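The sequence lines fix the lettering, A, B, ..., with proteins before strands; numbering per chain opens at 1. Nothing here was measured: the structure is a model prediction, and the numbers come from that model.
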Amino acid sequence: MVENVNLGKGEDQASTPEKHINFVEEIINGHLKSGRFGQIVHTRFPPEPNGYLHIGHAKSIALNFSLAEKYGGLCNLRFDDTNPSKEESEYVDSIKADIKWLGFDWEDREYYASDYFEQLYAWAVKLIKAGLAYVCELSAEEGREYRGTLTEPGKHSPYRNRSIKENLDLFAGMRAGAFPDGSKTLKAKIDMAHPNFTMRDPVIYRILHDHHHRTGDKWCIYPMYDFTHGQSDSLEGITQSICTLEFENHRPLYDWFCEKLEIHHPQQIEFARLNLTYMVMSKRKFLTLVNEGHVSGWDDPRMPTISGLRRRGYTPESIRKFCEYIGVSKNNSVVDVTILENHVREHLNAVAPRVMAVLKPLKVVIENYPADKIENLEAVNNPEDETAGNRIVPFTRELYIDHDDFMEVPVKKYFRLAPGTEVRLRYAYIIKCESAIRDEAGNIVELRCSIDLDTLGKQPLDRRVKGVIHWVSADHAIDAQVRLYDRLFSVEHPDKVEEGEDFTSHLNPDSLEIIEHAKVEPSLLGVKASERFQFERVGYFSVDKDTTPEKPVFNRIVSLRDSWARITRNS
RNA sequence: UGCCGGGUGGUGAAAUGGUAUCACUAAGGUCUCUGGUUCCUUCAUUGGGGGUUCGAAUCCUCCCCCGGCAACCA
């Protein structure tokens, strides 16, 4: 029907789909066309080192670094460390490790806003000399009162009209440590009646007798974000300064400082931050989760932190693709977490070696198979990747299969094992269930089966056996701990809470199930942390750092799509 | 209430005055020694009203809804 399909290039088009240009790229194209910044594109990722990075940051990182790459420019890493009381070098290290893990490289351009303190100070003096800044002695609370409200304009500080000389002396005194914390601030003199609060004489310097992670005790006054960010961008020759929507109100101030200081003036561009269903995404809430013990730490595999996703087993490729896929816009949106999950499935389907692992072991004894016989059967490592090769799995008289693969009274369309029915053991033979053995409590603890030895590598001609199940040899199986992770919250929007509740009331009580004695195939002996596998018919798993040579520990990254579970759920 | 943003299927994004497009989810089907993968099919007239126009998601206008802003945080 469609005539304009280019058949010759069809595969190329599929692998590199015609990507729509997002609004940020449109703006950049405009800059390139007008020559506002010449033909240069220079972005930056500016984290505050006061917490761990999360998937929302990954969106910003991917955006900034990818834009630079796409336009043949550069992207800096800059730590926005203007608040000494909250920032630590521990976070600097983790942030750098996370960005590297994601696969981005700032090369030698690792900058710190604190490196610009001296220049920032000089610019503050310049503002004072231009009559555009003054030392104010209103307390924080008084400052709030003077700022006015949504509907009423603010009023002028009584200190607003000091002489330039007095301001200069006072500001020098602030730097010299002559005044206690909170006693004075330096404010920009703009417009107390401005409809935008950020323009109502904003504080640009405050007194903080605090130790800074990089400048030590050199300073006791520190610049505010608004007086730092744009100037830092300017010093680094940034062209497009990309940030999230909540800074939109700050753009007039960003512009004001660049203009009044007469310095290189980057363009601030705001985009919508990432939200995911079944997740919260703020440092404060993460802290609550950690401090109240709902998770084991910032790198708990259920956390949407980069370190959590990494430990869970997510691949950096899948996170990058996800970030590209969701796009960039100014719409406040909530992305369905299944999209993230599908990206990691897609990647792991292509690259993860397949193995057999039995999570809930049920012993199977094949009565017509010799007790002393061991057959080494060949299994495909990855049907999606011919180069992955084959491996050997030992087959013996006593096996384990998964409890879920047996039903004493099978429901309709169930084609796994049941009394009297047959099933294919993956890569091995067809067996038939002859009887089930119970313990005293009535639980089924063992199956007695018979084998059809004429079914290895071929289908029987006289009948169709549809079910295929995984198994491990009881004698050869390795004992493993398996941690089944699920969504941390049980509702799509955990932030939406009733009166008197908070987001923790939506925690999913079943977000972690630990299986102490799973049985996995012997090829898994000696696995190393962060290796990833597909447990056939079950899901994708990665080796946790808690693994020991004696006992491997696996984290479930994500289950396989399970259309059987869907059928049973719907009926 | 003031200012700034934003409203396109259940979800995320396209379409920049000219046939509402691409994915995800969901549902159904195909294939299969993974109930995985693959492949196929189905699912919106763009927040609402009015206007301009041969023609509007796109332009004008009024209204509605959602988000952000009143830290000496970023």
For the [atom1] atoms, the ones on [N] and on [M], what distance do you get once it is rounded to whole angstrom?
{"N": "B:C60", "M": "B:A27", "atom1": "P", "result": "42 Å"}
{"N": "B:A70", "M": "B:C62", "atom1": "P", "result": "29 Å"}
{"N": "B:U42", "M": "B:U30", "atom1": "C1'", "result": "15 Å"}
{"N": "B:U32", "M": "B:U38", "atom1": "C1'", "result": "9 Å"}
{"N": "B:C22", "M": "B:U41", "atom1": "P", "result": "11 Å"}
{"N": "B:U46", "M": "B:U11", "atom1": "P", "result": "16 Å"}
{"N": "B:G17", "M": "B:U52", "atom1": "C1'", "result": "11 Å"}
{"N": "B:U37", "M": "B:A56", "atom1": "C1'", "result": "43 Å"}

Counting only Watson-Crick or G-U wobble pairs whose two distances fall under 3.5 Å, which nucleotide matches [N]?
{"N": "B:C69", "answer": "B:G2"}
{"N": "B:C43", "answer": "none"}
{"N": "B:U32", "answer": "none"}

Counting just side-chain N and O atoms, does [X] come under 4.0 Å of either OP1 or OP2 of [N]?
{"X": "A:Ser563", "N": "B:G36", "result": "yes"}
{"X": "A:Arg147", "N": "B:A71", "result": "yes"}
{"X": "A:Thr82", "N": "B:C73", "result": "no"}
{"X": "A:Asn50", "N": "B:A74", "result": "no"}
{"X": "A:Ser329", "N": "B:A13", "result": "yes"}
{"X": "A:Asn349", "N": "B:G36", "result": "no"}
{"X": "A:Arg206", "N": "B:C73", "result": "yes"}
{"X": "A:Arg345", "N": "B:G36", "result": "no"}
{"X": "A:Asn342", "N": "B:U25", "result": "yes"}
{"X": "A:Arg561", "N": "B:G35", "result": "no"}
{"X": "A:Arg566", "N": "B:G36", "result": "no"}

Toward the 5' end of RNA chain B, by each residue's nearest nucleotide, A:Ile469 or A:Thr151: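 Whichever sits nearer the 5' end wins; that is A:Thr151.
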RNA chain B: 5'-proximal contact among A:Lys466 and A:Thr149 (nearest heavy atom):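 Closest to the 5' end, via its nearest nucleotide, is A:Lys466.
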Provide, to the nearest angstrom, the distance between the [atom1] atom belonging to [X] and the [atom2] atom belonging to [N].
{"X": "A:Ile204", "N": "B:C73", "atom1": "CD1", "atom2": "C1'", "value": "17 Å"}
{"X": "A:Leu425", "N": "B:U34", "atom1": "CG", "atom2": "P", "value": "13 Å"}
{"X": "A:Arg537", "N": "B:G36", "atom1": "CZ", "atom2": "P", "value": "10 Å"}
{"X": "A:Leu253", "N": "B:C4", "atom1": "CG", "atom2": "P", "value": "16 Å"}
{"X": "A:Phe395", "N": "B:C33", "atom1": "CZ", "atom2": "P", "value": "19 Å"}
{"X": "A:Phe247", "N": "B:C4", "atom1": "CZ", "atom2": "P", "value": "20 Å"}
{"X": "A:Lys187", "N": "B:C72", "atom1": "NZ", "atom2": "P", "value": "8 Å"}
{"X": "A:Asn275", "N": "B:A13", "atom1": "CG", "atom2": "P", "value": "11 Å"}

From the set [options], return the single nucleotide nearest to any side-chain atom of [X].
{"X": "A:Glu246", "options": "B:U34, B:A74, B:C4", "result": "B:A74"}
{"X": "A:Arg424", "options": "B:C69, B:G35, B:C33", "result": "B:C33"}
{"X": "A:Met224", "options": "B:A74, B:G6, B:C33", "result": "B:A74"}
{"X": "A:Phe197", "options": "B:A70, B:G35, B:C72", "result": "B:A70"}
{"X": "A:Arg144", "options": "B:A71, B:C4, B:G36", "result": "B:A71"}
{"X": "A:Pro195", "options": "B:G2, B:C73, B:G5", "result": "B:G2"}
{"X": "A:Val203", "options": "B:C73, B:G36, B:C72", "result": "B:C72"}
{"X": "A:Ser139", "options": "B:U34, B:U37, B:C72", "result": "B:C72"}
{"X": "A:Tyr225", "options": "B:U1, B:G35, B:A74", "result": "B:A74"}

Less than 4.5 Å apart, side chain to side chain, heavy atoms only: is that true for A:Phe286 and A:His54?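 Result yes, sub-4.5 Å side-chain heavy-atom pair found.
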Chi class for B:A13: syn within 90° of 0, otherwise anti: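 For B:A13, whose glycosidic angle is more than 90° from 0, the conformation is anti.
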Would you indicate what [X] reaches in the nucleic acid, counting non-hydrogen atoms under 4.0 angstrom: base, sugar-phosphate, or nothing?
{"X": "A:Tyr205", "answer": "nothing"}
{"X": "A:Glu384", "answer": "base"}
{"X": "A:Ala428", "answer": "base"}
{"X": "A:Ile221", "answer": "nothing"}
{"X": "A:His250", "answer": "base"}
{"X": "A:Lys413", "answer": "base"}

Whether the side chain of [X] and the base of [N] hold a donor-acceptor pair under 3.5 Å is what I'd like checked.
{"X": "A:Glu270", "N": "B:G68", "answer": "no"}
{"X": "A:Arg416", "N": "B:G35", "answer": "yes"}
{"X": "A:Arg354", "N": "B:U34", "answer": "yes"}
{"X": "A:Tyr325", "N": "B:A23", "answer": "yes"}

Should the ring pair [X] and [Y] be called parallel, tilted or perpendicular, given that the plane angle runs from 0 to 90° and is split at 30 and 60?
{"X": "A:Tyr121", "Y": "A:Phe171", "result": "parallel"}
{"X": "A:Phe395", "Y": "A:Trp471", "result": "perpendicular"}
{"X": "A:Phe554", "Y": "A:Phe533", "result": "perpendicular"}

Does either side chain, that of A:Glu141 or that of A:Ser139, offer a donor lying less than 3.5 Å from an acceptor on the other one?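 No.
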Would you say A:Asn332 and A:Arg273 are linked by a side-chain donor-acceptor pair, where the criterion is simply a distance under 3.5 Å?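 The criterion, which ignores hydrogens and geometry beyond distance, is not satisfied for A:Asn332 and A:Arg273.
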Identify whether the distance between the nearest side-chain nitrogen and carboxylate oxygen of A:Asp233 and A:Arg44 falls below 4.0 Å.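 Yes.
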Cationic N near anionic O, under 4.0 Å, A:Asp405 to A:Arg537: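 A salt bridge links A:Asp405 with A:Arg537.
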Please check if atom CZ in A:Arg214 has more than 12 non-hydrogen atoms from other residues, nucleotides or ligands closer than 6.0 Å.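 Buried by this count: over 12 neighbours within 6.0 Å.
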Looking at the rings of A:Phe489 and A:Tyr278, which for Trp means the six-membered one, are their centres under 6.0 Å apart?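 No, they do not, as the ring centres are separated by 6.0 Å or more.
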